[in-house]
Amino acid sequence: MSIFFSYNLRHLFARRITNLLTITGISMVVFIFVGVLMLAQGVKYTLVNTGSMDNVLVLRKGAISEIGSGLYREQAAILETYPDIARLGEDPLFSPEVVVLITLEKKGTGAAANVTLRGGSAESFRVRPQVRIVSGRMWRPGSNEVVTGKQVAQRFKNGALGQTLRFGRQNWTVVGTFESGGSGFESETWGDADRFMDAFGRTYYSSAILRLRDPSLLPTLQTYIDEDPRLQVSVTPETAYYESRSGGLVNFIRTLGLMLTGLFSAGASLGAMITMYGAVANRTTEIGTLRAMGFTRSKIFSLFVFESALVGFIGSVLGIALASLLQFTSLSTINFATMSELAYGFVLTHSIAIWGVLFGVIMATLGGLLPAIRAMRTNIPHALKFRGA
Amino acid sequence: MLLRYVIRNLARHPLRATLTILAMSIIILAFGLLRTTVASWYADSLGTPPDRLRTRHAVSISFQLPVIYQQRIASVPGVAGISYANWFGGRWKDGKAFFPRYAVEPVSYLELHPEIQLSPSQREAFLRDRRACIVGRKLADKLGWDVGDIVRLQGSLYPGDWEFTIRGIYSTTSPTTDEGSLYLHWVAIDEQRRIEDRDRAGTVGWFVIRMANPEQAAQISEAIDRTFTNSMAETRTETEQAFRANMATMSGAVIRAIEIMSFLILGISLLIVANAMAMTVRERHHEYGILKTLGFRASHLGFLIFGESVCLALFGGILGVVLTYPASKGFGMFLTSNFGGFFATFELPVQLPVLVILISVGIGLLGAVIPFFLCLRSRIRDELRHVG
Amino acid sequence: MATSIIDIQKVSHSYFRDDIEIPVLKQLTLNIEPASFVALLGPSGSGKTTILNLMAGFDRPMHGRISINQINVSQLSERQLARWRAKAIGFIFQFYNLIPVLTAAENVELPLLLTSLSRAQRAKHVATALRLVGLGDRMTHYPRQLSGGQEQRVAIARAIVMDPAILLADEPTGNLDSEAAEEIMILLQRLNAEQGKTIVLVTHDLEAAQRATTICKLQKGRLV
């Protein structure tokens with residue numbers, strides 16, 4: 001079959017202008033298709049990575065986000081003494097935090113965007129080992145010092161190390177920046193819980209993160225909470241919480257993107273069909289000759305189907321290669337589930353690449369089907385009389 | 001005469017012409033839907049009357065303001081009316097069907113929002129019953145609600161299980177205001193807060209202000225915000241349009257991605273038209289050679305090639321726009337019912353047909369460039385030999 | 001009669017153009033013996049190409065019967081026909097019909113792809129066939145790099161590479177100058193004499209026809 005492969009390739013090259021246009025068209029459709037999937041994947045990756053498997057998030061009963069939640073100091077004190085909390089040395093891995101939204105100006109446009117502010121303590125880092133200070137240092141407890149996530153430092157005015165942010169009618173010095181492996185924390189600003197409460201006139205925490213000795217102990221904790229009337233709280237695995245945050249946006253990007261991609265891919269399919277009809281018409285004599293040599297109709301059919309699949313394959317590989325460049329860019333948008341700005345990138349996975357190739361090949365093959373049938377049905381005497389190229 | 005030649009040429013390869021027009025129309029259809037998506041995203045901010053302001057907490061929308069600010073705001077010169085509202089939040093059933101839920105002071109809120117239209121009897125019933133709510137027509141249709149039904153919500157910002165009786169179904173006069181929200185009495189839910197969560201009782205999300213003179217928007221906003229400078233909760237006042245536009249631009253990246261996508265697909269249609277034309281020109285090599293021997297100049301051939309290309313693109317574009325109208329109905333229904341939080345309405349921009357026609361002509365012209373040069377490049381001798 | 005390799009019995013055939021029936025062959029009977037070289041001579045429109053098409057099974061006769069090697073061609077299915085054609089018939093065309101994107105060797109190799117021969121075996125057959133037509137040194141040339149006569153010789157190599165008993169040639173010299181034409185006719189003669197191929201040549205060129213052992217003249221669908 002190898003001669004067929006080179007035969008097809010050389011034919012594609014012989015009609016290179018036409019085929020190049022078709023291949024470019026398909027690569028653009030695949031580029032958009034893959035881009036949409038990569039974007040959805042990027043948002044999901046950012047949010048899902050934010051949570052950690054072993055952590056449990058404590059919220060007020062009925063609250064669906066940290067922003068809308070409240071946790072009183074007494075409640076935090078009771079939870080902190082819960083025996084099954086994992087310990088690092090003497091201290092339990094328990095971090096009560098205050099989470100509020102503030103508005104900061106973005107660099108460049110100067111547009112206002114919401115940023116999540118998280119007030120905690122050294123515990124906030126201990127329960128989230130993936131969060132690392134990469135420049136500067138941690139804030140001093142009880143001071144107006146903050147550390148900013150990488151994305152805040154890059155995208156917002158006065159967010160970088162050494163600069164001063166203003167919110168809650170006070171000034172805050174950025175003494176460090178942190179990274180967390182591309183997760184959503186990188187779009188947050190962290191500081192001292194008590195200082196934040198003071199600045200925003202609050203007397204209670206928003207939520208708490210704790211780590212159990214073993215994740216399977218969660219039901220026991222649930223029972224414990226249910227039995228204590230003072231604890232009107234809910235506990236969720238942190239990963240589940242962040243995954244539910246991503247649902248709306250991911251779903252939106254995917255549904256809208258794929259619906260429209262599906263639609264205009266039909267256009268590109270028709271484009272491939274035009275090309276393949278042209279190829280068949282151009283090669284009428286050739287088809288007749290092959291048939292005269294004893295090639296069956298199904299062989300002729302598969303020859304042309306293979307050729308269009310090849311066009312699709314080349315186009316989709318190009319499209320994916322182009323889309324992979326998107327990985328070097330990142331975007332930010334409001335996450336409707338938290339109402340705050342979230343920065344994320346495009347993430348290309350193996351399965352997305354495979355879907356991209358499959359999509360391109362199927363698109364082109366569908367376009368080549370009818371022309372291949374026409375090729376198959378070519379009447380030999382007519383074809384041999386025909387003086388094409 | 002040359003024009004007639006162009007038209008006849010189109011009909012010479014009916015299959016290819018049909019496929020090209022079809023492909024073009026499908027892509028223009030997708031383009032139309034994308035443009036409409038972008039336009040709808042911003043529609044919210046354009047449809048609100050210009051005489052209203054919103055005052056919210058200066059820090060961000062997640063902070064609340066004390067309801068007692070009402071009197072102080074009302075006394076600011078130029079303020080002709082004031083109402084307040086808050087998010088109720090919560091969850092309906094499994095939380096999959098999302099719709100905005102607002103807790104409002106009903107009398108003043110309805111007065112300040114004449115676009116929310118309610119029959120006098122329903123309005124009366126809503127105002128009288130503290131445990132009542134009103135819902136938009138679209139929302140009621142979608143979830144199968146009727147007046148008298150009970151909506152059960154699980155509270156989040158206001159914890160607990162809540163039940164509200166639908167006392168009215170409102171419609172809106174402006175096509176850009178949504179009919180997908182639920183309004184309930186702020187007093188009813190604040191009562192419970194006063195018992196269970198004293199710290200947060202008596203707070204609202206924002207105040208709505210009607211100005212006596214919309215031209216004074218800047219001065220009035222400043223005056224309001226100045227009133228609360230250095231208080232525990234500073235305020236930020238802006239026009240409703242600015243407030244909504246701000247929400248829309250915060251989601252800018254997604255919208256920009258959609259915009260980029262809409263132009264990329266025009267590129268695809270350009271490739272398709274160019275391809276079809278390149279094939280056509282190649283087939284007619286011989287014919288163009290004969291025309292050249294007859295003394296046709298490049299400009300004549302250009303007219304033939306560009307004319308045919310523009311015709312193809314234009315027919316496709318027009319067909320696409322015609323298809324966009326019925327298609328956008330279904331697509332809009334799908335979007336507003338699945339992503340009601342993102343889109344309140346889905347209306348085709350009025351200028352779409354003009355835009356598409358201009359774009360189609362552009363694509364037709366650009367698409368003919370490569371084929372035209374292919375035609376010019378070849379010499380008469382080669383073209384005549386082509387026949388063998 | 002029993003020895004004939006091609007047996008055409010009372011074949012009538014017509015074409016339709018715009019619903020008008022145009023008779024091409026009228027009650028034609030023709031027997032061709034094995035290892036003979038028959039030239040069908042006639043002006044255009046006399047039906048000579050139609051006979052060739054019917055013999056190769058491209059078309060089915062409307063009336064009458066065509067047997068080749070005792071096989072009734074018109075009774076074979078489309079698939080069987082293709083398989084039979086690959087083995088039993090070699091076709092030579094006026095315009096060579098080489099595939100422009102393939103080299104001479106690859107063009108000759110094409111029919112072998114329908115067999116289960118290994119790559120090495122195929123290469124051997126290709127080399128043999130090309131040597132036989134005197135183009136052993138042109139294997140990697142593309143058709144456009146060859147002269148008309150050379151192209152036609154590649155086409156002949158392609159026709160004989162499967163070693164069919166019958167070669168059908170449709171105006172093989174129609175597109176060549178007289179010198180190249182003569183070379184081709186000598187080659188066909190040699191194939192007939194040395195390899196024992198049955199050759200049916202269709203032409204309107206009397207000079208070419210004279211190379212054949214038998215000449216049948218056709219006029220308006222009948223032998224004269």
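Residue numbers start from 1 in every chain, and the chains themselves are labelled A, B, ... in the order their sequence lines are given, proteins ahead of strands. Side chains are part of it too, since the values below use all heavy atoms of this structure and drop only hydrogens, waters and symmetry mates.
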Compare all side-chain heavy atoms of L263(A) with those of F331(B) and state whether any distance is below 4.5 angstrom.
-> no
L33(B) and M259(A): CA distance, side-chain angles, deciding distance, side chain to side chain contact (heavy atoms under 4.5 Å, CB included) verdict | CA-CA 11 Å; L33(B) 293 180; M259(A) 262 176 84; over 6 Å; no
Between atom CG of L22(B) and atom CE of M273(A), what is the distance when rounded to the nearest 0.5 Å?
-> 9.0 Å
Shortest non-hydrogen contact between A268(A) and I268(B), atoms and distance = CB-CG2, 4.5 Å
Pick whichever of L264(B), V273(B), L34(B) has the most heavy-atom pairs under 4.5 Å with chain A.
-> L264(B)
Quick one: pull up OG in S269(B) and CG in L270(A) and give me the separation to the nearest 0.5 Å.
-> 12.5 Å
Rounded to the nearest 0.5 Å, what separation is found between the OH atom of Y277(A) and the NE2 atom of H13(B)?
-> 10.5 Å
Min side-chain heavy-atom separation Q232(A)-P159(B) under 4.5 Å = no
Taking C-beta and beyond as the side chain, do L271(B) and T22(A) meet within less than 4.5 Å on heavy atoms?
-> no
Student check: side-chain heavy atoms of T103(A) and F63(B) closer than 4.5 Å = no
Step through the shown structure and confirm whether more than 12 heavy atoms of other residues, nucleotides or ligands are within 6.0 Å of CZ on R377(A).
-> no
Shortest non-hydrogen pair, M279(B) vs T18(A), comes out as CG-OG1, 3.5 Å
Contacting region of I102(A) [heavy-atom separation from chain B under 4.5 Å] | both
Toward chain B, the part of T203(A) with a non-hydrogen atom under 4.5 Å | side chain
Do I265(B) and M28(A) come within less than 4.5 Å of each other through their side chains, counting heavy atoms only?
-> no
Atom of I26(B), atom of G267(A) and distance for their closest heavy-atom approach | CG2-N, 3.8 Å
What part of T20(B) gets closer than 4.5 Å to chain A, counting heavy atoms only: side chain, backbone, both or neither?
-> both
Please say which of I272(B), L15(B), T18(B) ends up in a side-chain contact (heavy atoms from CB on, under 4.5 Å) with I274(A).
-> I272(B)
Residue part contacting chain B, namely of F200(A), when any heavy atom lies under 4.5 Å | both
Report, as yes or no, whether the 6.0 Å neighbourhood of atom CD1 on I370(B) holds more than 12 heavy atoms from other residues, nucleotides or ligands.
-> no
With a 4.5 Å cut-off on heavy-atom pairs, point out which of L20(A), V100(A), N19(A) contacts chain B the most.
-> V100(A)
Would you name the heavy atoms of A278(B) and I17(A) that are closest together and state the gap between them?
-> CB-CG2, 4.5 Å
